[in-house]
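Structure first, then comments.
Numbers restart at 1 for each chain; the letters A, B, ... are given by sequence-line order, proteins then strands.
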Amino acid sequence: MVTIRPRSRLYVNKIEAFQSFPFIIQRIINMQAAPILEIVGLHKSYDNNVVLRGIDLRVRPGQLVCVIGPSGSGKSTMLRCCNRLEEPTAGQIVVDGIQIMHPRVNLNEVRQRIGMVFQQFNLYPHLSALGNVMLALKKVQRHSQAEAEMRARKALQQVGLEHKADSYPGQLSGGQQQRVGIARAIALEPKVMLFDEPTSALDPELVGSVLQVMRALREAGMTMLVVTHEMAFARAVADRVVFMDGGSIVEEGPPEQIFGAPLHERTRAFVSRFAGHLSHAAAAA
Amino acid sequence: MQQFIFTFFNADIAARYWPDIVRSMGVTIMLSLAVVAAGLLLGLALAIVRAAQKRALVLLVVMFADIMRALPPLIIIIVLFFAFPYIDLAMSAFTATWLALTLVLAAYAEESIWAGIQSLPRGQSEAARSTGLSWWQSMLWVVLPQAMRLAVPPLTNRVISITKNTALGSVVALSEILNTAQAASSNAGSPTPLMLGAAAYLLIFIPVVLFARWLESRWRWKR
């Protein structure tokens with residue numbers, strides 16, 4: 001069934017309306033549910049340079065967890081270990097019940113369950129937006145051309161870019177490229193989404209559209225682990241905020257705690273540096 | 001002036017030898033096509049092997065490419081044609097020239113394609129792998145299509161220069177254009193057949209150059 005709809009940003013409201021009751025129930029159930037992503041004792045070092053010194057983290061279904069911290073604190077490395085783009089030195093990672101550090105794990109199979117969005121978008125410049133989204137649908141999930149195209153268009157619609165299906169990455173703005181990047185990941189229907197500073201490479205006026213898509217995704221029940229510098233976003237949307245520094249998790253808790261009454265001195269120092277920026281951005285949001 | 005035309009563009013001599021020249025054009029064209037097809041394919045295969053980053057294989061590929069690029073193609077042809085019969089690997093003049101030029105083109109093509117692969121941002125293959133594509137799939141569908149486009153300008157130049165090197169086949173008596181024209185020149189005692197040969201080269205290579213230019217302008221992705 002195809003309905004012609006105006007190319008507005010209304011879809012966000014639609015999803016919000018759609019969300020309401022059943023999803024709230026779902027979220028309450030999920031609070032008790034087993035974690036969909038579990039990191040235990042994760043260590044990572046390059047030669048003599050220790051980047052991660054024992055990370056433990058759980059993300060439950062439907063949760064949005066934001067990871068904040070100074071640059072060089074190991075946030076991105078931790079995220080990239082979750083689908084083994086980065087090879088952990090030690091530790092266990094369980095995604096959707098699968099031990100991804102198991103020597104015989106089928107990584108290509110597992111990676112379909114873990115969507116990833118990159119700081120630099122990393123769209124394929126030789127393929128259209130639709131082609132970018134369709135590639136793994138066809139080559140990994142082995143859908144037919146028609147089925148892959150249908151799923152890809154649906155994913156593009158979810159990020160509000162169905163009208164840009166035939167555009168090439170070079171013809172899209174940074175914000176649009178990043179939304180195509182999100183569509184490429186969600187088209188595979190992952191169980192958890194990893195965002196590696198998704199808005200850091202964007203011009204300030206384009207950040208909003210990407211954050212809006214991420215909000216909508218969360219409202220639709222997606223589990224998300226987001227490394228970000230967008231403190232206002234983290235404060236407003238996250239279920240939990242994790243503060244990392246020097247390769248360890250210093251403090252984690254609900255946003256009210258991390259931003260309002262941090263327990264740890266280092267958290268306080270980091271968050272206070274953003275305080276001015278935060279109130280400004282919050283006003284804008 | 002008349003003397004010049006009589007010597008270099010003698011109609012009688014031209015009439016006598018042009019069928020030979022046309023026949024030799026066939027040899028040159030066949031040889032060029034065979035060299036380009038085999039050389040580019042082998043170069044692509046070597047670049048892929050190198051990208052797989054298995055240390056021993058990388059070393060072999062690099063050694064091959066460096067040696068083949070360092071040696072004058074003429075020496076390779078001579079070695080293949082005159083020395084290989086002693087190890088029971090005799091080959092025809094055509095095969096020797098084809099093989100030598102193929103190996104040289106493969107070495108250059110490998111370097112160009114490898115340079116294209118390397119100049120892509122790491123994020124390209126990371127994005128591909130993160131969606132579950134295997135190493136080979138990400139190579140085939142994401143990395144190579146982009147690397148090949150980057151490699152087109154250096155490759156077209158190399159293809160043109162290596163196909164002109166088919167003239168080197170004359171040292172092993174391959175009856176390609178240059179050899180045929182030279183032989184005819186000494187028979188006729190006139191440089192006119194050499195002029196015919198020059199015309200034959202232009203006839204073959206001007207379209208190739210134009211095609212290369214078209215390819216370079218066409219193979220940029222849309223912006």
Going by atom type alone, with no hydrogens or angles, which donor-acceptor pairs under 3.5 Å involve a side-chain atom of residues 48-61 of chain B and a protein atom two or more places apart or on another chain?
{"unit_1": "B:Arg50", "atom_1": "NH1", "unit_2": "B:Glu110", "atom_2": "OE2", "d": "3.0"}
{"unit_1": "B:Arg50", "atom_1": "NH1", "unit_2": "B:Glu111", "atom_2": "OE2", "d": "3.1"}

Please check if atom [atom1] in [X] has more than 12 non-hydrogen atoms from other residues, nucleotides or ligands closer than 6.0 Å.
X: B:Trp135; atom1: CH2; value: yes
X: A:Tyr46; atom1: OH; value: yes
X: B:Arg213; atom1: CZ; value: no
X: A:Arg84; atom1: CZ; value: yes

(message) Could you report the tightest heavy-atom contact between B:Gly132 and A:Asn108, atom names first, then the distance?
(response) O-CB, 3.2 Å

(request) Please examine the side chains of A:Met116 and B:Thr131, heavy atoms only from C-beta on, and report whether any two atoms are closer than 4.5 Å. (result)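 No, side chains not in contact.
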
(message) Between A:Tyr124 and B:Pro145, is there a side-chain heavy-atom distance shorter than 4.5 Å?
(response) no

(request) Could you look at A:Leu172 and say if it's the side chain, the backbone, both or neither that has a heavy atom under 4.5 Å from chain B? (result)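 Looking at A:Leu172, nothing touches chain B.
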
(request) Side chain from CB out, backbone as N, CA, C, O: work out which of these in A:Arg80 comes under 4.5 Å of a heavy atom of chain B, or both, or neither. (result) side chain

(request) List the steps, then state whether side chain to side chain contact (heavy atoms under 4.5 Å, CB included) holds for B:Leu133 with A:Leu135. (result) CA-CA 9 Å; B:Leu133 264 67; A:Leu135 184 63; 3.8 Å; yes

(message) Using a 3.5 Å distance criterion without hydrogens, assess whether the side chain of B:Gln137 forms a donor-acceptor pair with backbone atoms of A:Lys139.
(response) yes

(request) Starting at CG of A:Leu107, measure out to CZ of B:Arg129 and round the result to the nearest 0.5 Å. (result)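 Going from CG on A:Leu107 over to CZ on B:Arg129, the span is 7.5 Å.
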
(message) Tell me which of these, A:Ile114, A:Val110, A:Leu85, A:Leu127, has more heavy-atom pairs under 4.5 Å with chain B than the rest.
(response)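 The residue among A:Ile114, A:Val110, A:Leu85, A:Leu127 with the greatest pair count is A:Leu85.
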
